[in-house]
Amino acid sequence: MIQLAPSILAADFSQLGQQVARIEEGGAHLVHVDVMDGHFVPNISFGAAVMKSLAGKTALPFDVHLMIERPDDYLEEFITPQTEYITVHQEACIHLHRTLQHIRAAGAKAGVSINPATPLCMLEEVLEEADLILIMSVNPGFGGQKMIPACLRKIEELKRIREKRNLEYRIEIDGGVNLDNIGRVAQAGTDIIVAGSAAFGAEDIPQRVRDLIRRAELSE
Ligand code: DX5
Ligand code: ZN
């Protein structure tokens, strides 16, 4: 089943609780939590305290995307009863295998992400350790960018590898997804689709969430 994970990076932070209630009303499956440190990416967003403030405001599971250096030092802070995935960047982890094991041991599903410039082969040796592979379809750091369509090839390849090697990871895409391209994204074999501005930028957020999910499901 295809899942939609709206990114709160594009939400109105002054009313975050209500905004997240809107995506839940529309049938979103996860809340995507974009954490940026101003080092790994050229922008600072928010930390675990903001994510934790949503506990009780929504029943949706958290899909945490750590765009930070030294993620091992911080990941325990993001473990909550609602935390489903914690994703780190391959480019930020010297001992990626150990970091993925650390996430699982801490009690979340382990995700790993690669930037548009990083080839898929960099994940070759950790595919068994990952519950989620997140393909960046923009250079991370900012919402509202245009999708780099070449990244869809990585999704197709990940799907082939999963079948061939009988693996279990889920495949996620992040960056520049909108109503016009979500069909292609779903067709490529994506399991979880992140949408920031396409979801929270709409006048009627629940309706936009429904529309995005419907278009994705039609093309699956
Ligand atoms: C990019 C973030 C994305 C971003 C998506 O650095 O990881 O999750 O917020 O936003 P849109 O969908 O607006 O590209
Ligand atoms: Zn993200």
Side-chain angles (χ1 to χ4, degrees), residues 2-13 16 19-20 22-23 26 28-48 50-51 54 60-69 71 74-75 78 83-92 103 108-118 132-152 154-155 170-186 190-203 205 208-209 211-213 215-216:
I2 206 149
Q3 295 188 308
L4 190 77
S7 166
I8 53 170
L9 187 66
D12 176 350
F13 293 163
L16 197 52
Q19 293 258 294
V20 172
R22 295 280 85 77
I23 58 161
H29 303 90
L30 298 145
V31 183
H32 188 76
V33 178
D34 280 314
V35 180
M36 303 179 180
D37 66 353
H39 293 278
F40 179 68
V41 290
N43 194 11
I44 298 175
S45 58
F46 47 76
V50 169
M51 183 193 87
L54 293 173
L60 294 179
F62 299 139
D63 173 33
V64 182
H65 180 192
L66 296 180
M67 288 164 276
I68 64 173
E69 290 177 1
Y74 303 96
L75 58 88
F78 291 90
T83 306
E84 176 133 7
Y85 298 103
I86 295 186
T87 296
V88 294
H89 267 263
Q90 180 273 330
E91 301 87 354
I103 297 170
K109 292 180 184 160
V112 57
S113 181
I114 50 172
N115 287 332
T118 304
L132 177 73
I133 313 285
L134 194 172
I135 298 299
M136 287 308 302
S137 43
V138 298
N139 288 295
F142 304 94
Q145 303 180 75
K146 199 169 173 298
M147 177 184 289
I148 302 165
C151 299
L152 291 179
K154 292 181 186 170
I155 305 271
R170 305 206 80 206
I171 306 168
E172 181 172 31
I173 196 166
D174 187 3
V177 175
N178 56 36
L179 273 177
D180 294 330
N181 60 25
I182 197 166
R184 258 186 301 145
V185 166
T190 314
D191 302 303
I192 305 175
I193 302 177
V194 177
S197 38
F200 286 103
E203 192 105 351
I205 294 173
R208 177 60 62 82
V209 167
D211 289 345
L212 286 164
I213 294 171
R215 283 208 192 178

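Order of appearance sets the numbers: ligands from 1, and atoms from 1 within every ligand. One-based numbering along the sequence shown. Note that the structure is a prediction, hence the values are computed from the model and not measured.
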Taking the side chain from [X] and the backbone from [Y], do they hold a donor-acceptor pair closer than 3.5 Å?
| X | Y | result |
| --- | --- | --- |
| Thr83 | Phe78 | yes |
| Glu84 | Phe62 | no |
| Asn178 | Leu212 | no |
| Asn115 | Ala117 | no |
| Asp191 | Ile2 | no |
| Asp174 | Ile135 | no |

Name the closest protein heavy atom to [atom], giving the residue it belongs to and the distance to 0.1 Å.
| atom | answer |
| --- | --- |
| atom 1 (C) of ligand 1 | Phe142 O, 3.6 Å |
| atom 6 (O) of ligand 1 | Gly141 N, 2.7 Å |
| atom 9 (O) of ligand 1 | Asp34 OD2, 3.1 Å |
| atom 5 (C) of ligand 1 | Asp174 OD1, 3.5 Å |
| atom 14 (O) of ligand 1 | Gly176 N, 2.8 Å |
| atom 12 (O) of ligand 1 | Gly196 N, 2.8 Å |

Could you list which atoms of ligand 1 come closer than 4.0 Å to a heavy atom of [X]?
| X | result |
| --- | --- |
| Gly175 | 14 (O) |
| His65 | 7 (O) |
| Leu9 | 9 (O) |
| Val194 | 8 (O) |
| Pro140 | 6 (O) |
| His32 | 8 (O) |
| Ala195 | 12 (O) |
| Met36 | 6 (O) |

**Request:** Examine Phe13 together with Phe46 and report whether their ring centres are nearer than 6.0 Å.
**Result:** yes

**Item:** Single hit among Glu172, Arg170, His29 for side chain to side chain donor-acceptor pair (under 3.5 Å) with Gln3
**Value:** Arg170

**Item:** Pairing residues for Phe40 by the ring-ring contact (aromatic ring centres under 6.0 Å, His included) criterion, not counting sequence neighbours
**Value:** His89

**Message:** Measuring from atom CD1 of Ile148 to atom NZ of Lys154, what distance do you get when rounded to the nearest 0.5 angstrom?
**Reply:** 8.5 Å

**Asked** How long is the gap from CD1 on Ile68 to CG on Asp34, to the nearest 0.5 Å?
**Response** 12.0 Å

**Prompt:** Is there a side-chain contact between Val33 and Asp63 (heavy atoms, below 4.5 Å)?
**Reply:** no

**Message:** Within the 4.5 Å heavy-atom criterion, are Val64 and Thr87 side-chain neighbours or not?
**Reply:** no

**Complete:** Within the 2.8 Å cut-off the protein N, O or S neighbours of the Zn ion (ligand 2) are His32 NE2, Asp34 OD1, His65 ND1, Asp174 OD2

**Request:** Return yes if a side-chain donor-acceptor contact under 3.5 Å exists between Ser113 and Gln90, otherwise no.
**Result:** no

**Request:** Give me the one residue out of Ile193, Val194, Ile23, Ile192 that meets side-chain contact (heavy atoms from CB on, under 4.5 Å) with Leu4.
**Result:** Ile193

**Request:** Could you tell me whether Ser197 approaches ligand 1 through its side chain, its backbone, both or neither, with non-hydrogen atoms closer than 4.0 Å?
**Result:** both

**Item:** From the candidates Ala5, Gly144, Ser45, the one that places a heavy atom nearest atom 11 (P) of ligand 1
**Value:** Gly144

**Message:** When you measure from the heavy atoms of Met147 to every atom of ligand 1, does any distance fall below 4.0 Å?
**Reply:** no

**Asked** Out of curiosity, is Ala198 lining ligand 1, as in a heavy atom under 4.0 Å away?
**Response** no

